[in-house]
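Notes for the one structure printed next.
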Amino acid sequence: MESAETVKDGKEEEEVAPAREDEDTGAQVAPIVKLEEVAVTTGEEDEDVLLDLKAKLYRFDKDASQWKERGVGVVKFLKHKETKKVRLVMRQSKTLKICANHLLLPTMTVQEHPGNEKSCLWHAKDFADGELKDELLCIRFQSLENCKSFMETFQEIAESQKTKEENKDAAATAGLLEKLTVEEKGSEVKTGEKGTDKKPEPQRADAEKKTESDAST
């Protein structure tokens, strides 16, 4: 009986003993595929963010005469560090696909949507599809404050670009006028040089004739 009970208790201990699945065997398994870090560029590395807000973007489909959603994501105003040009960029939140990408030009204006105070409209030559297209875009924000902030920043940037264009034109005009002035001065100098061809002085000529007559006598 005792031996039978001892055998029985031993079996129970074997059954109760937990399996050590996480036991370290010391074996090293090399990964099947070695992944290397890849530097991801967005094209925004040389730009400063002036504004970024979460919103939903629409474009007006002329053929269907209706608004079509382009995506939900973050809209940004990006200013290039060297050229100082500003563009509007918006990417979809999940896929990061570009749904808006265009420069802010001096001639552009933004206006409030007549049917929704949290939305606004503007025309742009958009490059989101890889080619320039004239688009009527509409963007809707979660709050009225965000919409106003977007519109104010939009107008400020457009006006600042207009001022830069005017300064650029003024500088170009000034440079052209300066060039013309230099050319005019150069022509005056050349004309003066042509008019300074000296003829023999009458007194000197008379003196030479007198010397010749004295020598003959």
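Here the structure is a predicted model, which means the values were calculated and not measured.
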Task: Spatial distance of atom NZ (K56) from atom CE (M90) [nearest 0.5 Å] - done: 9.5 Å
- [ ] Under the salt bridge (Lys or Arg N to Asp or Glu O under 4.0 Å) rule, collect the residues that match up with E47, sequence neighbours excluded.
- [x] R87
- [ ] Provide the full list of salt bridge (charged side-chain N to carboxylate O under 4.0 Å, His left out) pairs with a residue in residues 140-150, sequence neighbours left out, each pair given once.
- [x] none
Open item on the list: Testing the basics here: between R91 and L96, what is the closest heavy-atom pair and its distance to 0.1 Å?
Closed with: NH1-O, 3.2 Å
Pairs under 3.5 angstrom only: tabulate donor-acceptor contacts from the side chains of residues 102-110 to other protein residues two or more places apart or in another chain.
unit_1: H102; atom_1: NE2; unit_2: W122; atom_2: NE1; d: 3.1

TODO: Check whether F154 and L50 end up in the same hydrophobic cluster, where Ile, Leu, Val, Met, Phe, Trp and Tyr are linked by side-chain heavy atoms less than 4.5 Å apart.
DONE: yes
- [ ] Hey, could you give me the SG/CG distance between C138 and N116, rounded to the nearest 0.5 Å?
- [x] 7.5 Å
Open item on the list: Restricting to non-hydrogen atoms, name the atom on C99 and the atom on L57 that form the minimum distance, rounded to 0.1 Å.
Closed with: O-CD2, 3.4 Å
Task: Straight-line distance of K62 NZ to D134 CG, nearest 0.5 Å - done: 6.0 Å
Task: Nearest heavy atoms of D126 and N101, plus distance in Å - done: OD1-N, 2.8 Å
- [ ] Supply the members, apart from F60, of the Ile/Leu/Val/Met/Phe/Trp/Tyr cluster built from side-chain contacts under 4.5 Å; use none for a lone residue.
- [x] Y58, W67, L121, L136
Task: Distance-only side-chain donor-acceptor flag, E152 / S149, under 3.5 Å - done: no
Open item on the list: Under a 3.5 Å distance rule, please check whether S93 uses its side chain to pair with a backbone N or O of V72 as donor and acceptor.
Closed with: yes
TODO: To the nearest 0.5 Å, tell me how far S143 OG sits from K54 NZ.
DONE: 12.5 Å
TODO: Show your working on side chain to side chain contact (heavy atoms under 4.5 Å, CB included) between C120 and M151 and close with a plain yes or no.
DONE: CA-CA 8 Å; C120 53; M151 293 180 65; 3.9 Å; yes
TODO: Would you give the length of the straight line joining atom CD1 of I139 to atom OG of S119, rounded to the nearest 0.5 angstrom?
DONE: 9.0 Å
Pair up each side-chain donor or acceptor in residues 73-85 with any protein partner under 3.5 Å, not counting sequence neighbours, and list the distances.
unit_1: K76; atom_1: NZ; unit_2: E44; atom_2: OE1; d: 3.4
unit_1: H80; atom_1: ND1; unit_2: E82; atom_2: N; d: 3.1
unit_1: H80; atom_1: ND1; unit_2: T83; atom_2: N; d: 3.3
unit_1: T83; atom_1: OG1; unit_2: K85; atom_2: N; d: 3.4
unit_1: K84; atom_1: NZ; unit_2: K81; atom_2: O; d: 3.0

Task: Cluster link F141 to L51, ILVMFWY, side chain under 4.5 Å - done: yes
- [ ] Could you list all the salt bridge (charged side-chain N to carboxylate O under 4.0 Å, His left out) pairs where at least one residue sits in residues 109-121, not counting sequence neighbours?
- [x] none
Task: Non-hydrogen atoms of A64 and K68 that approach each other most closely - done: CB-CE, 4.4 Å
